[in-house]
Amino acid sequence: MTNKNKRKYSSPLVDGPEQATSRSMLRAAGFEDEDFNRPQVGVASTWSNVTPCNMHINDLASLVCDSIDQEELKAVLFNTITISDGISMGTLGMRYSLVSREVIADSIETVVGCQSFDGVIALGGCDKNMPGCLIGLARLNRPSIFVYGGSIRPGANHTDLVTVMEGIGSYSSNKITEEELIAIEKTALPGPGSCGGMYTANTMASAIEALGMSLPGSSSQDAVSDDKKEDCKKIGSAINNLLEKDIKPSDIMTRQAFENAIRVVIALGGSTNAVLHLLAMAKSIDVPLKIEDFEEIGKTSPLLADLRPSGHFLMSELNAIGGIQPLMKTLLEANLLHGDSLTVTGKTLADNLKNVDPYPQDQKIIAPLNAPIKKDSHLKILKGNLASEGAVAKITGKEGHDFTGPARVFNSEEETLDAIYRSKIKEGDVIIVRYEGPVGGPGMREMLKPTSAIMGQGLGDKVAFITDGRFSGGSHGFVVGHVTPEAAKGGLIGLIEDGDQITIDAIKGSIDVEIDSKVIEQRRKSWKNPKSSPTKGVLAKYARTVQSASQGAVTD
């Protein structure tokens with residue numbers, strides 16, 4: 001394909017005498033004569049010093065730009081935002097976390113659409129960067145690749161961010177001293193990179209690699225490593241190949257590719273947020289995917305990885321034995337993946353995996369298919385009178401498969417944390433945290449602080465936790481989130497009172513509260529939303545446009 005044919009977007013922007021103004025401005029931005037005849041590739045960087053997940057992204061973006069320019073293409077670097085889930089966790093700032101996914105997608109679409117780039121590379125690090133980038137790339141539907149910023153290395157004594165949060169729970173129950181807590185705080189995060197377990201960032205990076213939208217190996221590499229640098233240096237030739245063959249996200253992000261991503265997320269013990277984000281990503285590329293599909297696919301998808309938060313190991317340790325590629329090859333050979341799915345290499349998934357070596361014989365991170373950690377998915381879609389449109393549970397089996405107990409009701413995360421820290425939660429309680437959904441928050445905050453505090457107090461398998469908000473990938477225990485309809489939209493979760501009996505059955509896939517229908521109607525008549533919502537700004541706009549969690553909390 002000639003450069004002219006690869007320039008179908010940028011050509012109208014820079015060709016001909018009538019575009020002299022555009023060229024003049026681009027010259028001021030560094031373009032030379034020859035650059036106007038080259039396909040333009042936008043490089044969306046999520047660099048920011050607000051979080052270690054993204055503090056190194058511009059270094060990687062520079063390598064990406066150099067690799068693009070070496071292919072006689074023209075790289076154009078631009079930025080979009082990032083926020084930090086980990087830093088804002090447990091505060092009102094966390095309301096902006098899921099909102100940022102939409103802002104990132106909108107901003108990438110806006111810049112690329114306006115500047116008429118022929119191809120796009122997006123680099124992400126923290127949780128919402130990745131689905132935000134993919135939604136933007138899908139909407140634009142021009143040759144594109146995602147680059148993961150990489151995982152942080154383990155801290156001292158095999159610690160990470162969740163170690164710190166669980167340490168707070170241990171401190172609140174007098175199991176460790178403040179000095180011991182501060183010692184963990186100072187050494188748990190040794191440098192750049194996303195949180196080190198199979199939390200949401202590494203979950204989504206793995207899902208995107210399985211989806212075919214990043215280069216093989218990208219999802220497991222350490223942020224600070226030669227492997228990650230090489231990943232970036234390969235981008236130029238890869239995007240040139242996609243431009244040559246006119247391979248677009250719609251060719252890669254198919255229904256079969258999403259099924260591959262779901263199976264890999266399950267095998268790795270990934271975050272409940274994967275349900276939310278994969279639904280949103282599928283919608284952005286017009287692939288029919290429903291929350292029920294996760295349950296159906298999960299019936300034949302084993303959990304194989306002993307990774308945090310429910311397991312022991314960190315992503316850096318999985319990378320050291322080969323990353324997720326050997327796992328994917330194992331799943332492919334068992335006919336659990338669609339090998340004919342196209343990827344950003346221009347080859348099929350099966351072609352990419354053909355020469356991948358198996359894991360070392362003595363490794364302990366990935367269980368064999370004939371002896372899985374759990375024979376089916378840990379991500380369970382529950383329905384019942386408490387969640388008629390669905391809820392997402394994370395049940396590895398270590399917590400048991402069912403739970404019945406009296407409700408302890410809280411109208412915010414702050415109220416819940418206060419009760420946990422003051423040891424007001426007792427064994428057998430079913431904690432209900434409501435008005436934290438997409439509309440009710442607004443923004444659907446993650447409940448990592450309270451779930452970590454519960455684990456730190458030794459109550460992880462002794463209480464259940466239900467919310468119309470969501471959970472960090474670092475949350476574990478008997479947790480159920482994404483309850484829909486949410487409280488702010490009239491869901492039954494808003495009518496529960498202390499002492500109501502709640503029953504969760506992960507085998508049956510049910511979640512119910514024992515309340516007589518007449519009592520429900522009486523409570524509904526007197527129901528009032530106890531929270532006031534913002535009337536201006538991004539949170540107000542989000543609350544007006546966002547759909548339910550069971551539809552991916554999209555704003556389209």
Fill in the blank from the handout: Sequence neighbours excluded, the answer for salt bridge (charged side-chain N to carboxylate O under 4.0 Å, His left out) partners of Lys383 is Glu292
Practice task
Run the salt-bridge test on Arg408 and Asp429 with the 4.0 Å N-O cut-off and return the result as yes or no.
Solution key: yes
Practice task
Assess whether atom NZ of Lys283 is packed by more than 12 heavy atoms of other residues, nucleotides or ligands within 6.0 Å.
Solution key: no
Practice task
Check whether the ring centres of Phe471 and Phe465 lie less than 6.0 Å apart, and answer yes or no.
Solution key: yes
Exercise for the section: Anything under 30° is parallel, anything over 60° is perpendicular, the rest tilted; go ahead and classify His158 against Phe313. Expected result: perpendicular
Handout entry: Glu414/Arg445 ion pair, N-O < 4.0 Å
Key = yes
Practice task
Could you walk me through whether Tyr199 and Asn273 pass side chain to side chain donor-acceptor pair (under 3.5 Å), step by step?
Solution key: CA-CA 9 Å; Tyr199 312 141; Asn273 280 320; over 6 Å; no
Practice task
Using a strict cut-off of less than 4.0 Å between a Lys/Arg side-chain nitrogen and an Asp/Glu carboxylate oxygen, indicate whether Arg470 and Glu436 qualify as a salt bridge.
Solution key: no
Handout entry: OH/Tyr359: more than 12 non-hydrogen atoms of other groups inside 6.0 Å
Key = yes
Problem - Glu413 with Lys449: basic N within carboxylate O range, under 4.0 Å - result: no
Problem - Pairs satisfying salt bridge (Lys or Arg N to Asp or Glu O under 4.0 Å), at least one member in residues 155-166, at least two apart - result: Asp160-Arg308
Exercise for the section: Please check if atom NZ in Lys531 has more than 12 non-hydrogen atoms from other residues, nucleotides or ligands closer than 6.0 Å. Expected result: yes
Practice task
Indicate yes or no: does Asp306 engage Lys364 in a salt bridge with an N to O separation below 4.0 Å.
Solution key: no
